[in-house]
A.B. asks: 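Dumping the structure here so I can ask a few things about it.
Predicted model, so just to flag it, every value in this text is computed and none were measured. Side chains included, hydrogens not; waters and symmetry mates left out as well; all remaining heavy atoms used. In the text below, chain A, chain B and the rest are named by the order of the sequence lines, each starting its count at 1.
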Amino acid sequence: MPEKYDHAAIEAKWQRHWEETRAAFVDTSAPGDKYYMLNMFPYPSGSRLHVGHGRNYILGDALYRYQRMGGRRVLNPMGWDAFGLPAENAAIASGTPPREYTLANIARMKEQLRSLGLLYDWSRELASCDPSYYRWNQWLFLRMWERGLAYRKQAPVNWCPGCRTVLANEQVVDGRCERSGDAVEIRDLTQWFFRITDYAERLLAGLDALPYWSERVKTMQRNWIGRSEGAEIRFSVDGFAEPVVVFTTRPDTLFGATFLALAPEHPLSGEIARRAGATEVAGFIERVRRESRLERESETAEKEGLDTGVAAVHPGTGERIPVWLANFVLPEYGTGAIMGVPAHDQRDFEFARKYRLPIRPVYRTADGDVDPAAMTQAIPHGGVLVSSGEWNGTAEGVQAIRLAVAWIEARRAGQGKVGYRLRDWLISRQRYWGTPIPAIHCGGCGVVPVPDRDLPVLLPQDVAFRGTEGNPLAQSESFVATSCPSCGGPARRETDTMDTFVDSSWYYLRFLNPQDDSRMVDSQRARAWMPVDQYIGGIEHAILHLLYARFICRVLKDLDLVHLEEPFERLFNQGMITRLNPATGKIEKMSKSRGNTVSPDDLSARFGADTVRLYTLFIGPPEKESEWSEDGVLGASRFLNRVNDVAERVAGLPGDGKAGSGPRVTPLTRLEHRTIQRVTEDAQRFHFHTAVAALMEFQRGIAEALEEGTETAAAIRGSMRTLLQLLHPIAPHLTEEWWERLGGERSLLETAWPAFDRDLATSPRVTLVVQVNGRVRGRLDLERGAAEAEAVALAQTDDRIRPWVEGKQIKRAVYVPDRLLNLVVQ
RNA sequence: GCCGGAGUGGCGGAAUUGGUAGACGCACGGGACUUAAAAUCCCGAGGGCCGCGAGGCCCGUGCCGGUUCGACUCCGGCCUCCGGCACCA
């Protein structure tokens, strides 16, 4: 009886072999048919990899091997997104310095990847915490600073009390920190930003040129950028020099504006508050500011407002309308000020009702003029303009908006304007374990850039991590104390470090010249190797990382370092692996914190890495979520043992010298070609789960051929080799082993992916479904490509079908060659 | 509310351009091997009904309708679930 194969010995052997032969090394300077594939580089966390992470890398490795066998020169590098908070928190908890902690994690994770049989070109390994990497973050920062793309400003920012640092907007999810889950507070701080908003339009337009990205991700990015067309309109304010500028998407409702509302953070709000006797205004501003972002943006938040007593001049009518403060006006969007049109905007309507402000409809609907007193809600759509001077009579819609914008622009009262939800990227972090921002604060010269020659600005080692003070970097006097590059006088270094998303926004370029200390990007190699042909990673990066990377790639293009705007040609987001959580009884995302992880190490020890790989790929379509099941692993293991068993029997076949009559078309040949076709097509769309199904049928076919003895030994050996090739991307160790034992000369990886004969992939005889009046009445076995007349004649004589057509007139026959014959009779 | 995606057996899931719905696997039932068990191999199976049997009939891909000889697939209208955005002016 077949025994289970010795996976431990086989896998150790081949992993050593791949390492010793540097199996995945690729010379990027050589010409050839390039294919750049990339898995999102991992954060080397302290906990072990689980099979949920493994899915990403196993899929990538299967594709890598498939592409290699397709004859391409495939670049498949790996690196480490090595900066970040956990290392610093570990330092606080255990005293291990972040670098040591991170390097240890990298070493362990690398071993885990290796033990799954994953091949990477390790000669290109990089870690973002390495000065040779992060100096280019600093260099890029300086270039962006020169161009005004990096700047410092005081602004209300998101502060995570748990992480004790500020966060980018993208890192705030439902008012909470995406990493720690703490409720985010708003603080007014001076911070460094990247001007991503300048690229909003290009980032949005670029999405249309990404046919191989999912609609899902593109929609998420579009929503995040949040483009809306409208106009900015100026309202002069009595007693103030500066007008209030409002942003609106409905300039056509201008004549319905009965008040202005300012965000409490608006500059004019502050000015009014500073005037004598405005204590009420100051108090309101203070009260709103104290609310957390979570409270202020919650759906149930009550609209609060305060009349400032100040009047603005309506640019259309010259009327005075009151200026209010309102908590629902957000400082970051538009201009932080709105015109209130209660008749046609629901929020303004509610606000006006609460504070008894006038409601003035400017659209007459099909039901006639609207009586403001009788309104129960705003009327956002439909009708014809009224009470709007020369605009009267225009129907609601694009025309009305264009008319309004032209009118406003002609009177110099404002201009058409496109608004975005996207805000500038806050890159400052008040933490140690990140790239130091290369800036120096000088009492005389202000904020001065670190000269290029002084890069990298290194992270200091003399830092204590107690977790009590603020940024540990600020405690390092050796780091902070410096001299001004401009005047030479004493100065202090910037102690903010960069968001780690800066690191990951260009690493895909660095893999092309990882050891090059003379430049950030090798433009020539980038021209040859970019874009990344296939990028693979989790959906959780749909906005953050992928938006930042697209942004920085455009910046690099504008700096003439790369030739392209979109770094990732094809994007694949694999679904999460879920598992029943015994603690909660629910099926949940696999994660350490939930305590429902399965470690590939443990499984590998029991079943082998090939089984882990096979099951991970077999579990379901990779783009969808899949539930892990132990029983499923057993099935995968059984299959590989069957492959091993059949290979053993093939190896024991007698040699039959030269096959006498050349290749014969047999059922096994046909199965073989059909399998090649199926697996090839499945691999192209990453559907290894159906490829495995096809391979299972193929394995069974070979086993049957061995039993029945109808095929020549040569034919069986040939099919066996094909099986090993097709299975190689999925189960590389076992297939390499048998390839060698069956006399294969080179590594399987060096062999060409099997070709199939389209004619052989389809059987010469087909089963035709015969319907009479749409009902299936029988099936006919006939030659492929048979003519309709032949099929009809055969059907009329077939015992099962004849009774249904005998004595009846065939009105028409619907014939789909090789598939179906439908006789319509009367 | 706006936008995107998805609904198929007990379960994960298959099904080129509309053409045998349920491949493959898990779980399940039966059998072989075994003193026995495990392991392995083989067979069975969407639901319902009729038939001793070979076999036959009806229903069936979220719901309702349409197009078609024929619809999981195309069209119209809904329902449910998942994801993104949302006091965004």
Side-chain angles (χ1 to χ4, degrees), chain A residues 1-4 173 214-228 230 246-251 253 257 261 263 296-303 326-330 332-341 344-348 350-351 380 419-423 539 542-543 614-615 618-621 623-636 638-639 641-642 645 677-678 681-682 687 689-697 700 703 707 767-776 778-779 800 811-825:
Chain A
M1 270 294 103
E3 286 178 18
K4 289 189 177 177
V173 177
S214 66
E215 281 310 313
R216 185 176 172 205
V217 171
K218 287 192 278 189
T219 302
M220 282 164 76
Q221 293 221 351
R222 284 190 192 105
N223 286 341
W224 188 260
I225 295 168
R227 184 182 199 274
S228 55
V246 304
F247 176 73
T248 177
T249 53
R250 293 296 302 275
T253 63
R296 183 146 170 206
E297 293 188 3
S298 83
E299 254 172 74
T300 51
E302 176 76 4
K303 287 183 179 44
N327 65 345
F328 72 88
V329 181
L330 305 172
E332 323 85 2
Y333 187 75
T335 59
I338 62 158
M339 64 176 197
V341 185
H344 303 292
D345 181 283
Q346 187 60 25
R347 291 156 308 187
D348 298 350
E350 287 166 22
F351 193 76
Y420 296 94
R421 206 194 79 96
L422 183 70
R423 282 168 249 155
I539 189 73
I543 296 172
L614 185 110
Y615 179 62
F618 188 55
I619 190 168
E623 66 276 12
K624 283 181 68 179
E625 256 183 26
S626 300
E627 193 190 338
W628 189 265
S629 108
E630 292 306 316
D631 297 330
V633 181
L634 282 173
R638 272 180 212 140
F639 168 62
N641 278 303
R642 282 199 296 269
D645 177 43
Q677 180 174 24
R678 284 172 69 186
E681 285 168 3
D682 289 342
H687 279 198
H689 64 303
T690 47
V692 170
L695 291 168
M696 285 171 167
E697 291 175 53
R700 190 169 301 158
E707 295 292 323
T767 302
L768 196 66
V769 177
V770 182
Q771 302 179 338
V772 179
N773 290 344
R775 297 258 177 211
V776 178
R779 297 185 169 87
R800 290 179 51 198
K811 282 175 68 188
R812 67 185 275 217
V814 178
Y815 182 59
V816 183
D818 304 344
R819 288 196 184 273
L820 171 132
L821 174 69
N822 184 15
L823 299 170
V824 184
V825 300

A.B. asks: Give me the distance, rounded to whole Å, that separates B:C85 from B:A71 when you measure between the P atoms they each carry.
C.D. replies: 41 Å

A.B. asks: Under a 4.0 Å N-O cut-off, is there an ion pair linking A:R421 with A:E332?
C.D. replies: no

A.B. asks: Does B:U17 have a Watson-Crick or wobble partner in any strand here, with both distances under 3.5 angstrom, and which is it?
C.D. replies: none

A.B. asks: Quick check for you: among B:C85, B:C69, B:G13, whose closest atom lies nearest to any side-chain atom of A:R421?
C.D. replies: B:C85

A.B. asks: Could I get a table of every N or O pair under 3.5 Å where one atom is in the protein and the other is in nucleotides 15-18 of chain B?
C.D. replies:
from, atom 1, to, atom 2, distance (Å)
B:A15, OP1, A:R685, NH2, 3.0

A.B. asks: For B:G53, is chi within 90° of 0 (syn) or not (anti)?
C.D. replies: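 Base orientation: anti.
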
A.B. asks: In whole angstrom, give me the gap between the C1' atoms of B:G44 and B:G9.
C.D. replies: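 Approximately 15 Å lies between the C1' atom of B:G44 and that of B:G9.
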
A.B. asks: Has A:S228 got a side-chain N or O lying under 4.0 Å from the OP1 or OP2 atom of B:A89?
C.D. replies: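 True: A:S228 side-chain N/O within range (under 4.0 Å) of B:A89 OP1/OP2.
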
A.B. asks: Contact class for A:R216 vs. all strands (heavy atom < 4.0 Å): base, sugar-phosphate, or nothing?
C.D. replies: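 Sugar-phosphate, no base atom in range.
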
A.B. asks: For B:C41 and A:R642 - does any side-chain N or O of the residue sit under 4.0 Å from the phosphate oxygens OP1/OP2?
C.D. replies: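 Indeed, a polar side-chain atom of A:R642 lies that close.
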
A.B. asks: Sort out the partner of B:C41 for me: Watson-Crick or G-U wobble, both distances under 3.5 Å, none otherwise.
C.D. replies: B:G31

A.B. asks: B:U40, OP1 or OP2 - any side-chain N/O from A:R638 closer than 4.0 Å?
C.D. replies: yes

A.B. asks: Could you measure the distance from the CH2 atom of A:W224 to the CD1 atom of A:I543? Nearest 0.5 Å is fine.
C.D. replies: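 Nearest 0.5 Å value for the CH2-CD1 distance: 5.5 Å.
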
A.B. asks: Phosphate oxygens OP1/OP2 of B:G12: is one of them under 4.0 Å from a side-chain N or O of A:H689?
C.D. replies: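 A:H689 to B:G12 OP1/OP2: no side-chain N or O under 4.0 Å.
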
A.B. asks: Determine the Euclidean distance between corresponding C1' atoms of B:G12 and B:C63; express it in Å to zero decimal places.
C.D. replies: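 Straight-line distance between the two C1' atoms is 25 Å.
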
A.B. asks: Look at the side chain of A:A693 and decide which nucleotide, out of B:C85, B:G4, B:C24, has an atom nearest to it.
C.D. replies: B:C24

A.B. asks: What's the closest nucleotide to the side chain of A:Y333 if the choices are B:C88, B:A27, B:A14?
C.D. replies: B:C88

A.B. asks: Which value, in whole Å, describes the distance between the C1' atoms of nucleotides B:U61 and B:U20?
C.D. replies: 15 Å

A.B. asks: For A:I619, answer base if it contacts any base atom (sugar-phosphate contacts may also be present), sugar-phosphate if it contacts only those atoms, and nothing otherwise; contact means non-hydrogen atoms under 4.0 Å.
C.D. replies: sugar-phosphate

A.B. asks: Using every non-hydrogen atom in the two residues, find where A:M220 and A:A542 come nearest and quote the distance to one decimal.
C.D. replies: CE-CB, 3.4 Å

A.B. asks: Judged by atom type as modelled, is there a donor-acceptor pair below 3.5 Å linking the side chain of A:Y615 to the main-chain atoms of A:S629?
C.D. replies: yes

A.B. asks: Does the B:C69 base have a donor-acceptor partner in the side chain of A:N822 within less than 3.5 Å?
C.D. replies: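 For A:N822, whose side chain was compared with the base of B:C69, there is a donor-acceptor pair (under 3.5 Å).
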
A.B. asks: Now, which nucleotide makes the Watson-Crick or G-U wobble pair with B:U67, with each of the two distances under 3.5 Å?
C.D. replies: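 By the stated definition (distances under 3.5 Å), nothing pairs with B:U67.
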
A.B. asks: Watson-Crick or G-U wobble partner for B:C24, using a 3.5 Å limit on both distances?
C.D. replies: B:G12

A.B. asks: Closest nucleotide of RNA chain B for A:A694 versus for A:T248: which of these residues is on the 5' side?
C.D. replies: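 In this pair, the answer is A:A694.
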
A.B. asks: Between A:E697 and A:R700, does any side-chain N to carboxylate O distance fall below 4.0 Å?
C.D. replies: no

A.B. asks: Considering only atom C1', compute the distance from B:G47 to B:U8 and round it to an integer number of Å.
C.D. replies: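 Result for the C1' pair: 14 Å, nearest Å.
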
A.B. asks: Would you measure the distance from the P atom in B:G10 across to the matching atom in B:A6 and give it in whole Å?
C.D. replies: 24 Å

A.B. asks: Using the C1' atom as the point on both nucleotides, what is the distance between B:A15 and B:A21, in whole Å?
C.D. replies: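 Straight-line distance between the two C1' atoms is 7 Å.
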
A.B. asks: Say we look at B:G30 and B:A45: how far apart would their C1' atoms be, to the nearest angstrom?
C.D. replies: 11 Å

